[in-house]
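Have a look at the structure below, then the notes.
Hydrogens, waters and symmetry mates are skipped; everything else that's a heavy atom, side chains included, is used. Chain A is the first sequence line, chain B the second, and so forth, proteins listed ahead of strands; every chain is numbered from 1.
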2 protein chains.
Amino acid sequence: MDYKIKSRIWIEADGKILLGEGRISLLKAIDETGSLSKAAKLIGMSYKKAWSLIDAVNKRAEMPVTTSSIGGKGGGGAELTEYGKSLVETFETINKNCWAFLDNQIKQSKLK
Amino acid sequence: MDYKIKSRIWIEADGKILLGEGRISLLKAIDETGSLSKAAKLIGMSYKKAWSLIDAVNKRAEMPVTTSSIGGKGGGGAELTEYGKSLVETFETINKNCWAFLDNQIKQSKLK
DNA sequence: AATCGTTATATCTAATCAAATATAACGCTA
DNA sequence: TAGCGTTATATTTGATTAGATATAACGATT
């Protein structure tokens with residue numbers, strides 16, 4: 001068989017999406033580059049989309065996930081808060097565990 | 001906290017989607033009603049969309065998932081093959097197991 | 001043979017979503 | 001103070017997707 005099982009997980013707050021795979025990879029890129037515009041370029045996303053995603057995340061999360069500054073050395077920048085880093089870490093852990101679980105499930109099913 | 005974790009699973013064949021939650025609920029409605037048009041109406045989907053989904057499923061699956069007849073008693077109809085029924089059943093089982101797994105995961109995380 | 005409800009299909013329109021473009025504000029640096 | 005790269009935001013355009021409409025084919029039933 002060449003059937004494959006796939007999954008996506010996301011976290012909701014107030015019935016609206018807070019974090020999914022796309023936002024997580026954007027947050028990781030911000031952590032790597034120190035800049036929202038560089039992060040967007042790195043993962044092939046328009047700046048506008050990246051900005052509105054981060055804006056939504058910060059508005060819905062219980063605490064800010066990123067901080068940013070305008071002007072100054074290098075024009076400004078953005079970085080993850082400690083809270084943001086812990087959110088990324090728990091999301092990725094649960095996501096990897098979910099993949100492993102599903103791999104196991106399909107091996108035990110008729111689809112093999 | 002009022003964070004909630006959600007998930008979607010799907011099965012791919014040749015890198016294209018074969019079965020997801022929407023198609024599964026359509027297949028279940030066909031099983032209940034014995035008709036593609038009634039199934040579409042039942043779940044609030046246009047006939048055209050329902051037809052093209054079922055067409056894609058039957059083309060990508062290793063064996064037909066539905067059979068259909070045109071004309072005759074009641075104008076015709078559609079029903080699941082035994083293979084189709086088993087696909088629906090294994091999909092739903094794995095999906096429920098996945099939800100339970102994720103519930104457990106989030107209880108063990110910092111998100112609680 | 002006329003009717004009926006269904007499958008099967010094409011075509012056109014509407015709506016939603018992504019992408020591109022433009023611009024203001026900001027504060028360090030030279 | 002002029003320039004730079006960045007954040008922050010609005011507006012417009014384009015593309016993809018969903019929805020509506022129309023129609024042919026079919027075979028049991030009457």
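Where A/Asp55 and A/Gly71 meet DNA chain D, the nucleotide closest to each residue was compared, and A/Gly71 sits on the side nearer the 5' end. Looking at which nucleotide of DNA chain D each of A/Gly76 and A/Ser52 is closest to, the 5′-most match is held by A/Gly76.
Other residues, nucleotides and ligands place more than 12 heavy atoms under 6.0 Å from the CD atom of A/Glu12.
Nearest nucleotide to the side chain of A/Lys73, out of C/dT29, D/dA28, C/dA25: C/dT29. Here D/dT7 is the nucleotide among D/dT7, D/dC26, D/dG19 with the atom lying nearest to any side-chain atom of A/Ala78. Ranking C/dT7, C/dC28, D/dA8 by closeness to the A/Ser68 side chain, first place goes to D/dA8. The side chain of B/Trp51 approaches C/dA8 more closely than any other nucleotide in the set C/dC28, C/dT6, C/dA8. Of the listed nucleotides (C/dT6, C/dA18, C/dT9), C/dT9 has the atom at the smallest distance from the side chain of B/Tyr47.
Here the C1' atom of nucleotide C/dT7 and the NZ atom of B/Lys49 are 19 Å apart, to the nearest Å. In this structure, A/Asn58 places its CG atom 13 Å from P of D/dT7, rounding to the nearest Å. One atom, CG of A/Leu53, and another, P of C/dC17, lie 13 Å apart when rounded to the nearest Å. B/Leu36 places its CG atom 16 Å from the C1' atom of D/dA25, with the value rounded to the nearest Å. Atom CD1 in A/Ile17 sits roughly 13 Å away from atom P in C/dC17 (whole-Å rounding). Taking atom CD1 on A/Ile70 and atom P on D/dT6, their separation rounds to 13 Å, with Å as the unit.
Salt-bridge annotation for B/Glu92 and B/Lys28: present, with a side-chain N of the basic residue lying under 4.0 Å from a carboxylate O of the acidic one. Using a 4.0 Å cut-off between a side-chain N of Lys or Arg and a carboxylate O of Asp or Glu, B/Lys59 and B/Asp55 qualify as a salt bridge.
Here A/Ser69 lies in heavy-atom contact (under 4.0 Å) with sugar-phosphate atoms only. Counting any heavy atom pair closer than 4.0 Å across all strands shown, A/Lys48 reaches a base atom. The residue A/Ser35 sits close only to the backbone: its heavy atoms come under 4.0 Å of sugar-phosphate atoms, none of a base.
For A/Ser35 and A/Ser37, the side-chain atoms include at least one donor-acceptor pair closer than 3.5 Å.
When all heavy atoms of B/Ala13 and B/Arg60 are compared, the closest pair comes out as CB-O, 4.0 Å.
Within the 4.0 Å cut-off from OP1 or OP2 of C/dT6, at least one side-chain nitrogen or oxygen of B/Lys38 is found.
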